[in-house]
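Chain letters run A, B, ... following the sequence lines, proteins first, then strands; residues in each count from 1.
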Protein chains: 2
Amino acid sequence: MATIRDVAKVAGVSVATVSRVLNETGYVHENTRKRVLEAIEQLDYSPNEVARSLFKGESRWIGLLLPDITNPFFPQLARGVEDELQKHGFHLIFGNSDENAEKELHYINTFMQNHVMGIIMAANQSGKADYRGFPIPMVFLDRTPDGNPSVYADGVEGGRIAAREIIRRGSKRVTLLKGPEHIRPAQDRFRGALEELSNSHVDFYVMNTHSFSFQDATQWAAELFAKYADTDGIIASNDVVATAILHEALRLGKRIPDELQIIGFDDIPQSGLLFPPLSTIRQPAYDMGKEAARLLLKLIKKEKIDQRNVQMPVTFVERLTTRKVDARG
Amino acid sequence: MATIRDVAKVAGVSVATVSRVLNETGYVHENTRKRVLEAIEQLDYSPNEVARSLFKGESRWIGLLLPDITNPFFPQLARGVEDELQKHGFHLIFGNSDENAEKELHYINTFMQNHVMGIIMAANQSGKADYRGFPIPMVFLDRTPDGNPSVYADGVEGGRIAAREIIRRGSKRVTLLKGPEHIRPAQDRFRGALEELSNSHVDFYVMNTHSFSFQDATQWAAELFAKYADTDGIIASNDVVATAILHEALRLGKRIPDELQIIGFDDIPQSGLLFPPLSTIRQPAYDMGKEAARLLLKLIKKEKIDQRNVQMPVTFVERLTTRKVDARG
DNA sequence: CGGTTTCGTGTAACCGGTTACATAAAAAAT
DNA sequence: ATTTTTTATGTAACCGGTTACACGAAACCG
């Protein structure tokens, strides 16, 4: 690998001059510039970013920390982040935290030791963590503790919409799954749906669930249908759980959506591929990733921020696990 | 951020001694060691990895380049890679190449400039790229050009199994989808299935398809059922395509698996969640990721390698888009 | 007890960039 | 023609670690 000194020697100038050409700073005579550029070309030189980073205390790296990339919701986020960073010449260092505070801390440390310019993360221990006063900018994505810059979908409104839509489409005995206590978005959804159901004329049943796992959800589904056989509408805490319920319902021979409506949350890619395709409350995951990257970049460049907490809109995606709405609305 | 010199001052020793304590090299008196450790504790010091990396020309970073993390096959690979690297104290720098040679090159460059110790990638331009003699170790994963260290599933055998199983389960008029020309695993599967079909007694029809996209596949499916209405067994080029076909078949009211059997490839997480769940040829994606990481680490540490090209076994995952096999086999 | 060997520690060069500062030549201003 | 300003370039310190080398003290040895 050629160094800046090699280039300087070939071009017959000092390293400072080469550096000036590289960074387009200070004065360089046009002829000199050409010679340097030729030398660079000839040696196939490209600057050592590590050396740069050491001197400047900066880099072009951003740390991204997600609970688990194999959870189908997260790749979209990651992709959004990457695409936006890429546009601005930044790159991604990535880790899975597994909702494990220790791993999380370990990664944050590693990131810092490597001069990342900022961190985007979906936090785990909701509430507990407070990263105000952290030496580098941090943006929380999806799972967001209070008081820090964040990008998240409007879970409460999502819950409301889910309840509203399922009622509007004629469910009379709704089941609402509560979702994990420690996951903020799950609780927001729950609160929104609860609010709407409370103000409605339908009976409803709240079932406590404490994970987003497909396995667990399959069991709850069985339990649910045993306990509350005549429920005719289920609001699941996310699409994975909704899928498990859909499965169990089909296995039991329930007609969907005529006999039972199901609404999920997230709109993960597979939701549209189920049979019947799942109606759900969509989070704009890709855009949330982009937005988080944008916010972080602004923080890094110390640009004026009009909104440190970006709430993204959710939408109802009507597919075939809900009925067509009555003409009378 | 405290530096090694701060620590040295507090401990009343030279930086060299601190460095010796840090790296457990050379002689350090036990008492001195304690003092240094205390100073480290007191200052909450952790070494600057960038400075280390600059001097040693090494790092603990590995570059991972995948076509698109939102493609459901890849997160598993990524996770496998990450978990294995993590165990050995290495970390991941990640990029999406979008099957775009330029992006790919750009990333490889960025990786190099940042002293990554090795690269794991799913290559795009099959065949064209040759990275022998590359200055740092490189392992190809899933999409593998010849002659370089690689980890991949046995696509040919997978194709054979798929054909064998679908025939064994009674399909008489099989359709085989060819899959994209430029994606090596797709061609391997195709060749394997073709071989087995050719040696069999069933009629079959080969349909050219040139992408793994769900959208495209939905169209081909429509075409397929129009042209070849009485096909009773379809071997898709991967699970996404199989899903599209399943969809279209259900829409047309085909009874599955009685009237039509479908086999996919990959066993992406959603395949088991479809209704009916998809029978498929499973690639051990997570393990492939792990294996690639292991191979790369060996290459980096210049350990003896017994196998530079690791072929992973595929298995038939029997779900409900294929019939139970006849008792007579 | 003098000569080796083993310990223990410090000084300073080095990794490959960036940049403050010095200096000189060229151009512009007086 | 002299002074001032602008342009052009080089020297060397610096970022924060690691390590070759030097040197003195302690331990070992016959």
Side-chain angles (χ1 to χ4, degrees), chain A residues 1-37 39-40 43-61 89 109-117 135-136, chain B residues 1-37 39-40 43-61 89 109-117 135-136:
Chain A
M1 277 290 211
T3 73
I4 198 171
R5 283 161 234 272
D6 299 332
V7 175
K9 197 164 293 171
V10 169
V13 297
S14 75
V15 291
T17 301
V18 178
S19 182
R20 280 184 206 109
V21 172
L22 247 31
N23 298 291
E24 307 191 358
T25 55
Y27 294 111
V28 178
H29 194 278
E30 185 52 29
N31 295 341
T32 314
R33 215 178 71 84
K34 280 209 188 99
R35 284 216 317 284
V36 170
L37 256 19
I40 287 175
L43 294 172
D44 192 21
Y45 165 80
S46 63
N48 181 329
E49 290 296 334
V50 177
R52 266 191 180 163
S53 174
L54 175 59
F55 182 83
K56 311 244 275 178
E58 303 181 353
S59 74
R60 314 241 77 188
W61 294 105
N109 245 316
T110 305
F111 288 163
M112 299 291 298
Q113 288 181 19
N114 286 278
H115 285 188
V116 303
M117 295 308 283
I136 60 170
Chain B
M1 276 292 211
T3 74
I4 198 172
R5 283 163 232 271
D6 299 332
V7 175
K9 196 164 294 172
V10 169
V13 297
S14 75
V15 292
T17 301
V18 179
S19 183
R20 281 185 205 108
V21 172
L22 248 30
N23 298 292
E24 307 189 358
T25 56
Y27 294 111
V28 178
H29 194 277
E30 186 52 28
N31 295 341
T32 315
R33 217 178 70 85
K34 280 207 188 102
R35 284 216 316 284
V36 170
L37 255 19
I40 287 174
L43 295 171
D44 191 23
Y45 166 79
S46 63
N48 182 329
E49 289 297 333
V50 177
R52 267 191 180 162
S53 175
L54 175 59
F55 183 84
K56 310 245 273 180
E58 302 180 357
S59 73
R60 314 242 77 190
W61 294 106
N109 246 315
T110 304
F111 289 162
M112 300 292 298
Q113 289 182 17
N114 287 276
H115 285 190
V116 303
M117 295 308 284
I136 60 170

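- Protein atom CG of A/Asn31 is 12 Å distant from nucleotide atom C1' of D/dA8, rounded to whole Å.
- Among the protein residues, A/Val13 comes within range of the sugar-phosphate backbone only, with heavy atoms under 4.0 Å from sugar or phosphate atoms but none that close to a base.
- On the nucleic acid side, DNA chain C has its first and last nucleotide under 4.0 Å of a heavy atom of chain B at C/dC7 to C/dG16, going 5' to 3'.
- Rounded to whole Å, atom C1' of D/dG10 lies 13 Å from atom CD1 of A/Ile4.
- Across all strands shown, B/Thr32 has heavy atoms under 4.0 Å from sugar-phosphate atoms exclusively, and none from any base.
- Proximity of A/Thr3 to A/Asn48: side-chain heavy atoms (C-beta onward) are nowhere separated by under 4.5 Å.
- If you check every strand for non-hydrogen atoms under 4.0 Å, B/Ser19 touches a base.
- Residue A/Tyr27 places at least one side-chain N or O under 4.0 Å from the OP1 or OP2 atom of D/dT7.
- Shown here is B/Glu24, whose CD atom has no more than 12 heavy atoms of other residues, nucleotides or ligands within 6.0 Å.
- The backbone N or O of A/His115 lies less than 3.5 Å from a partner atom in the side chain of A/Ser59, making a donor-acceptor pair.
- Sequence order on DNA chain C of the closest nucleotides to B/Arg33 and B/His115 puts B/Arg33 first from the 5' end.
- Judged by closest nucleotide on DNA chain D, A/Gly26 is the one of A/Arg5 and A/Gly26 placed further toward the 5' end.
- Using a 4.5 Å heavy-atom threshold, the side chains of B/Ile40 and B/Leu37 count as touching.
- When the nearest nucleotides of DNA chain C are assigned to B/Phe55 and B/Ser14 by heavy-atom distance, the more 5′-ward of the two goes with B/Ser14.
- At a cut-off of 3.5 Å, with distance as the only test, no side-chain donor of B/Asn114 or B/Thr110 sits close to an acceptor on the other residue.
- In this structure the side chain of A/Arg52 reaches within 4.5 angstrom of the side chain of A/Leu22, judged on heavy atoms.
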